[in-house]
Number of protein chains: 2
Amino acid sequence: MASHGARSRSGGRPTLEEVAARAGVGRGTVSRVINGSPRVSDATRAAVEAAVAELGYVPNTAARALAANRTDAIALVVPEPETRFFAEPYFSDMLRGVGAELSDTEMQLLLIFAGSDRERRRLAQYLAAHRVDGVLLVSVHADDPLPDLLAQLEIPAVISGPRSAAETLPSVDSDNYGGARSAVDHLLSRGRTHIAHITGRLDVYGAQRRVDGYRDALRDAGYPPDEGLIAPGDFTEEGGHRAMGELLARNPSLDAVFAGSDVMAAGARRALREAGRRLPEDVAMVGYDDSAIARHMDPPLTSVRQPIEEMGRRMLDLLLTEIADRRPAVSRGLERRQVVLATELVGRSSS
Amino acid sequence: MASHGARSRSGGRPTLEEVAARAGVGRGTVSRVINGSPRVSDATRAAVEAAVAELGYVPNTAARALAANRTDAIALVVPEPETRFFAEPYFSDMLRGVGAELSDTEMQLLLIFAGSDRERRRLAQYLAAHRVDGVLLVSVHADDPLPDLLAQLEIPAVISGPRSAAETLPSVDSDNYGGARSAVDHLLSRGRTHIAHITGRLDVYGAQRRVDGYRDALRDAGYPPDEGLIAPGDFTEEGGHRAMGELLARNPSLDAVFAGSDVMAAGARRALREAGRRLPEDVAMVGYDDSAIARHMDPPLTSVRQPIEEMGRRMLDLLLTEIADRRPAVSRGLERRQVVLATELVGRSSS
DNA sequence: ACTCGCCCGGACAGCGCTTTCAGGCCGCGA
DNA sequence: TCGCGGCCTGAAAGCGCTGTCCGGGCGAGT
């Protein structure tokens, strides 16, 4: 006690203790002011704030983390290689949404890639050390063990794109089903009658939902189910190209395609060109994602837009709630923690 | 003391103390094992490691940071808006290099954008709180106050692209001068005699050096200086377009252009097309950066490649050295902490 | 065999902050 | 006027780990 008074060591930053001395109060009081506790009189608060300003006091994060058992940091985990992260606007939009929402808080955002096995092991270590208060998980496949790890470690997490209808983690997703329906309805309204669908990877729940939406829209319009009009893609351009080839072979009279992603649409477009079909005269096309690819395609591609930035924001909201709720160990009911946002059809000349 | 034995609180993670108890040694000993101190017998070390494994012990970062006064984290600061970060492959390559080098260590990398005023204030707060052990600064303009702030806070930092010849911070750069020379020499070797240059923003030191390299290469080849062949650009496509226009107006007989960046080359290419000049028949062109733009230009652009990933790796090396050296407060001489890496001319059909 | 030196393990004092606890002071009601 | 209840504040106990300082044990030298 006598060994560390209010003297500031050379180059050292001021401590709570020094602020307290300067303001003529105790450490605890300063702490309360800093943390915005209401149990402090206005006069005292003002005095403390003055001292803080004069000394240029900045709290020591490590000490706070140790004492309060929290880190004030959350991680955005991308289970993909870095290259994909930079290639897909999806991630940067998401990041922007999260970042925007986060700038109102004192929280820090960590960006973590978990594409390789090595990176995943590192991440596991990282999470085990509880170096973040919560995790935002984007683009997770059905069989990914990450969510379970998080649950086991009791780390709050929010997932973008539930893994299944029975998703237990809080999640934010866009309305894949509705988006697909709107795409098909649009094509129908254009007078198209033979509408095919190129699916995404079916181990991604959202891709399944798009198929469901496609089927239901056709059924509701009086078209009997025809599995021959559905071809599996894998979200790649090459997959889209191949799928389109199959579809054309099976359905010569096909006059429209709903592709499960813009990238696949680009592949399909190539296949159509090779087959001598004109867009949109012979075959109309609608994509999904409304990415840059859609805008730059020739002709520009009608596509279903997802509010990705908004999704990022909502994910962060959910996560912060989750973290706050967990703090005093209140156990909440299984209220609705699955958010679904509406999509929007962006019409262009491909349809 | 009696208040916290080796009992693990419900859900709590094991502590050093518990590991020590299990291994039958003292806390300090376990700490030494964890930190790889040599002053521990093999038998003891084995016992401790076994205990660590059995308990699944993971050190508490906050406690360690507090006691050791370090964070084991460094920041990559990008003084640009996020959009530019994603748009320019420069940053992602840099990130990849740093990330690769970092994965051998226990250090954590933080990505921080400081494009807006608001973000910069946040960053200042962040640095003031000493939440990182060091900073990697990329793409800094001559008048940026960030380096000074870092110096004042005594935070180790490494800069990519020195601000001037008198840069005091450790830095890693590519050989802008040599790169420019190689570009001009290449054009000369192709038999071109009227070679113009579109510069980058001259408040970026690297852009100045490219101008120097351009001038010297021509001078050494026996061409007298001709300022009319130099037009200022600003690293944007529009700037390149405008500069090319000026150059053509001033020098009708011009037969080659060395552009200070690929983006400007794209703008210049547009101006050439508008003027009815063919590439490379009428005018040969060389760009700088060897970015995707160069590969996709029509015709593909010859460009000077910088080893960006390597630069990222070297920057991290320098920073870690810097951090390590500062720890025991050894003051080192002003040895060479400015690394310059060689560039490489990538030939394509534009020249 | 005895002593000196060396190496290893344990104890202890914090690192700076949060948070509980209890006491002091004031105001209000009786 | 006295007593009781509240609110505000100060004190103190850690949070889990690091790093220094000692003491003890063991091997080697004479």
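In the text below, chain A, chain B and the rest are named by the order of the sequence lines, each starting its count at 1.
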Q: Kindly check if the number of other-residue, nucleotide or ligand heavy atoms within 6.0 Å of CG (B:Asp42) is above 12?
A: no

Q: Can you tell me which nucleotide in D:dT18, D:dG16, C:dG16 comes closest to the side chain of B:Asn60?
A: D:dG16

Q: Expressed as a whole number of angstroms, how long is the span from B:Glu17:CD to D:dG14:P?
A: 13 Å

Q: To the nearest Å, give me how far apart NE2 (B:His130) and P (C:dG16) are.
A: 12 Å

Q: Kindly say if B:Thr29 contacts the phosphate of C:dC8, meaning a side-chain N or O under 4.0 Å from OP1 or OP2.
A: no

Q: So does A:Thr15 get a side-chain nitrogen or oxygen closer than 4.0 Å to the phosphate oxygens (OP1/OP2) of C:dC15?
A: no

Q: Just the rounded figure in Å: distance from C1' of D:dG19 to CZ of B:Arg32.
A: 9 Å

Q: Nearest whole Å is fine: how far is D:dG19 C1' from B:Ile34 CD1?
A: 15 Å

Q: Could you check whether B:Phe86 and A:Phe85 have their ring centres less than 6.0 Å apart?
A: yes

Q: What nucleotide, of D:dT18, D:dG10, D:dC17, holds the atom closest to the side chain of B:Ala63?
A: D:dC17

Q: Can you tell me the distance, in whole Å, between the CG atom of A:Leu66 and the C1' atom of D:dT18?
A: 12 Å

Q: Surrounding CD of B:Glu54 (heavy atoms of other residues, nucleotides or ligands, distance under 6.0 Å), is the total greater than 12?
A: yes

Q: Does the base of D:dG16 carry an N or O that pairs as donor and acceptor with the side chain of B:Arg13 under 3.5 Å?
A: no

Q: A:Ser41 has a side chain; which of D:dC8, D:dC17, D:dG14 sits nearest to it?
A: D:dC8

Q: For the pair made of CZ in B:Arg27 and P in C:dA13, what is the distance, rounded to whole Å?
A: 11 Å

Q: Which one, C:dC17, D:dC17, C:dG9, comes nearest to the side chain of B:Thr44?
A: C:dG9

Q: Is A:Asn35 close enough to C:dT18 that one of its side-chain N or O atoms is under 4.0 Å from OP1 or OP2 there?
A: yes

Q: With DNA chain C as reference, determine whether A:Ala68 or B:Gly28 sits nearer its 5' end, using the nearest nucleotide of each.
A: B:Gly28

Q: Counting any heavy atom closer than 4.0 Å, what does A:Ser31 reach on the DNA or RNA strands: base, sugar-phosphate only, or nothing?
A: base

